[in-house]
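See structure below.
In this text, all values refer to a predicted model and were calculated from it rather than measured experimentally.
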Amino acid sequence: MQCLRPAEEGARTRNKLGWFAGAYVPSCLSIVGVLSFMRVPWMVGQMGVGASLGMLLISELMILFTVLSFCAIATNGRLLGGGSYYLISRTLGPEMGGAMGIVFFLAEAVGGAFYIVGFATAIQTTWFPVCQAGNHTAHCIDGDPKWPIVLISSLSLAFLGVVSFVGASFFTKFNTLFFLLQFGAIAYGLVSFLVPHRYSGTETETSQPYELSTSFPSFWSDNAGEEYSRQGGVCPSRCDFHTVFAIMFPMVTGILEGGNLSGDMQNPAKALPKGTVWAFVTSVTTYASLIVVLGGAFPRQVLQTDLNVFQNSSLGTIYIVVVGILMSSLSAGLAQLCGGARVLQAVARDDIFAIFKPFAKGSASGDEPRRAVLFIWAVCQGCILVGNLDLLAPLITSFFCLSYGLVNLACLVPASLGTPNFRPTFRYYSRWTALAGVLMNFGVMMWLSWINALVSLLCVAGIVVYLSYCGPDKNWGDVSQAIMFHQVRKYLLRLRLISHDKFWRPDILMLANNAEPGLVDFCNNAKKGGLLVAGTVVRSDFRTAAALVREVTAQWWGFIQQAKLKAFPKVCPADNLRHGAQQLMFCGGLGGLTVNTVVVPLMSAKMIRSPVARLALPWDEAGVSEDVTDLRLEAGEVCELFRDVLAVEKNLLVTHNFGYETELQMHWRRRHLVIPRDNKAHIDVWIVGDLNFEGSCPVFQAAAGSPRRAPAGPATAAAAAA
């Protein structure tokens, strides 16, 4: 698939990001986010160190399988912009890819608004808290803080929109700064937890102050097991493993965020695996260290009741951790904006949805999706104004689980089918890891919330059905063809060469050098669910016939698809019609799916036209010259052709007067081939038994003369059954 027209591609320059700035930093910032500061201490207080590490193991194992599948697909051929969307669409087809592209874009847009609102909330609670009764300060807010949060969010979104609009090189500079500040704050917090010192804080729910000392690792034994409570203002009722898992699961999503910048990388096949794998290792190490250190440094009650214990217990000043919290929210929002804009640009360039076509345009320098940036900015701003994004958070989690499951599926199918062109240079995967990734992602999605899982599946299924019927035809070599080939071959090998008489049906070879719509319609109806092969013989030398055969075959396929026929064309080069028909009778089928009936139309001077030109009407005026399709036979040769059909033990069906002399014209109604009918009767002559031609061909003479002696109607047929 060409992303750009040749003239445009030459005029534009691409960014050349490496593995660190292009894949590692965006993925780390998306995985290790604000939850590491605000919710990991609370999780340890509820689940204990053991269950927290178990939850981390389950989540990260699922992400590991996804990373392995993602790296395998990313190293299997050329990878353009769009990240996960590009991988899914090129493997599972445009329908599934288009559905996931839209869903992934919406998830990025809503997720970006969610992170930016979190950034604004952190600023408001730190510097502009709500005024308490009898305790008004100069910077406190009297009343509902909604609109101050909306104002801060809008200003922050405008800043991030400008950064995204400028381009990926500018975005990565800010990302590197955010990365240093965020992970510096985490490291500072870990050091603070390990050093014994006194600190003070406030219980989040009751505003009760307290003062304690860190004492690592004194509290390991107390925090080893689970002890769920309702404290903390997080669980609607008493917390349990399922509730805590659902709240904390988003901390492991975002591992594929670097893939959205695949179009901006110098060598994505090398940068993505290296950056993504190292980001995974960094996230696992960071979260495991936090769980172990927090569980040993603080009593359970503090971890459960003080959601700000990370910053409250910092050495010296709380503002180092506060800056880390702010940077984590801001960097995640920036990643969502940039990633979502590039996904939308990739979907628009594939021209799957015509409404998104304006967003395909990129800038001359760096091919930046600036129109898409403006659109995702508008969507995020609308979400900020609407508010109450907490209701959409579980649905966004389901969308991410679904996309990760499809990435594993995109690796599983070609790996299982043994597709020859699936040869990734990344070797640390197998079909079993991909299968485990599919099962774990879909299983966790259903376990977290079957309602949200059902909604996300219905959304994707609706878009897939729409694209199946109304979407453009894209030939991307998706795996659906490989699946169909595998299944057809499997059942074709199991199909018996000689079927039982109870299930006999006509499998027709129609010798259609001079095919008319009436004959095609007759054979299509006569096959009764059987096989119909439209055999055409062209007069040409074998070595020079390739181009001609391709042209005639293409004309036939166009006619079959336009008329919605269930038929297959077969074009054979030969020096005369009889020799070509002999080859078609022997080669017209495969395995147990072979022809058992041959339709031979009688030919006269009035029938000789260019059959391909006739077939091409009305959608294509192009045709093939008559000198290669005028293959009339003498009466004796026709009789020899009849004997050839009977010699290979096939049924012989001789047709005549199917619209040749009455000039029947086909027309289209709702894109189907329609043959005009009248109320005249017709004659079918059935000859059953052995045919013995002596000298001449009486069948030919009788059939050829029948329209003159008995002009009964538009369709007169003579049939001989071997």
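- Judged purely by atom type and a 3.5 angstrom limit, Arg431 has no side-chain atom pairing as donor or acceptor with the backbone of Val413.
- Taking the six-membered ring where tryptophan is involved, the planes of Phe559 and Trp556 are perpendicular, since the angle between them exceeds 60° and thus also 30°.
- Between Pro573 and Ala545, the closest heavy-atom pair is CB-CB, 3.5 Å.
- Of all heavy-atom pairs spanning Leu272 and Ala74, the tightest one is CD1-CB, 4.3 Å.
- Judged as a side-chain contact (heavy atoms from CB on, under 4.5 Å), and not counting sequence neighbours, the contacts of Leu593 are Leu492, Leu495, Leu531.
- A salt bridge is defined here as a Lys NZ or Arg NE, NH1 or NH2 lying under 4.0 Å from an Asp or Glu carboxylate O, and Arg90 with Asp350 meets this definition.
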Evaluation steps, side-chain contact (heavy atoms from CB on, under 4.5 Å), between Val460 and Leu402: CA-CA 9 Å; Val460 172; Leu402 185 58; 3.3 Å; yes
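- Atom OH of Tyr429 and atom CD1 of Ile73 lie 9.5 Å apart (nearest 0.5 Å).
- Of the possible polar contacts, none joining the Thr91 side chain to the Ile88 backbone as a donor-acceptor pair under 3.5 Å is found.
- Every residue two or more places apart in sequence or in another chain that forms a side chain to side chain donor-acceptor pair (under 3.5 Å) with Lys527 is listed here: Asn524.
- Residues Ala581 and Val537 come closest through the heavy atom pair N-CG2, 3.9 Å.
- What you find for Ser262 and Gly82 is that their closest heavy atoms are OG-N, 3.7 Å.
- When all heavy atoms are compared, the tightest approach of Gln345 to Ala372 is N-CB, 4.5 Å.
- For the atom pair CD (Glu95) and OG (Ser89), the distance works out to 10.5 Å, reported to the nearest 0.5 Å.
- Residues Leu519 and Pro601 form a side-chain contact, since some pair of their non-hydrogen atoms from C-beta on lies under 4.5 Å apart.
- With rounding to the nearest 0.5 Å, the separation of CG in Leu641 from CG in Leu511 is 6.5 Å.
- Put simply, the side chain of Arg427 gets close to the backbone of Pro424: a donor and an acceptor are under 3.5 Å apart.
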side-chain contact (heavy atoms from CB on, under 4.5 Å) between Arg643 and Leu646, intermediate numbers included: CA-CA 5 Å; Arg643 292 191 181 97; Leu646 301 178; 5.8 Å; no
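- A distance of 13.0 Å separates OH in Tyr491 from CZ in Arg489, rounded to the nearest 0.5 Å.
- Looking at Asp264 and Arg342, a side-chain N of the basic residue comes within less than 4.0 Å of a carboxylate O on the acidic one, giving a salt bridge.
- A donor-acceptor pair under 3.5 Å is absent between the side-chain atoms of Asn76 and the main chain of Phe426, judged by distance alone.
- Taken from CZ in Arg349 to NZ in Lys361, the straight-line distance is 9.5 Å, to the nearest 0.5 Å.
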Verdict with reasoning, Val552 to Trp557, per side-chain contact (heavy atoms from CB on, under 4.5 Å): CA-CA 9 Å; Val552 176; Trp557 274 121; over 6 Å; no
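- Annotation: side chain of Val595 is not in contact with side chain of Met585 (no heavy-atom distance under 4.5 Å).
- A distance of 5.0 Å separates SG in Cys523 from CE in Met510, rounded to the nearest 0.5 Å.
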Audit row: Val407, Leu256, side-chain contact (heavy atoms from CB on, under 4.5 Å) steps and yes/no: CA-CA 10 Å; Val407 169; Leu256 304 184; 4.1 Å; yes
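- In summary, of the residues considered (Val599, Asn651, Leu653, Val533), a side chain to side chain contact (heavy atoms under 4.5 Å, CB included) with Ile508 occurs for Val599 alone.
- In this structure, the side chain of Thr594 does not engage the main chain of Leu590 through any donor-acceptor pair within 3.5 Å.
- With hydrogens and angles disregarded, no donor-acceptor distance shorter than 3.5 Å links the side chain of Thr536 to the backbone of Val571.
- Heavy atoms of other residues, nucleotides or ligands lying less than 6.0 angstrom from CD1 of Ile355 number 12 at most.
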Derivation and outcome, salt bridge (Lys or Arg N to Asp or Glu O under 4.0 Å), residues Lys650 and Asp644: CA-CA 9 Å; Lys650 298 187 184 297; Asp644 294 339; over 6 Å; no
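- Ring geometry for Phe375 against Phe359 counts as tilted: the plane angle lies between 30° and 60°, on a 0 to 90° scale.
- Across Gly98 and Ile352, no two heavy atoms sit closer than the pair CA-CD1, 4.1 Å.
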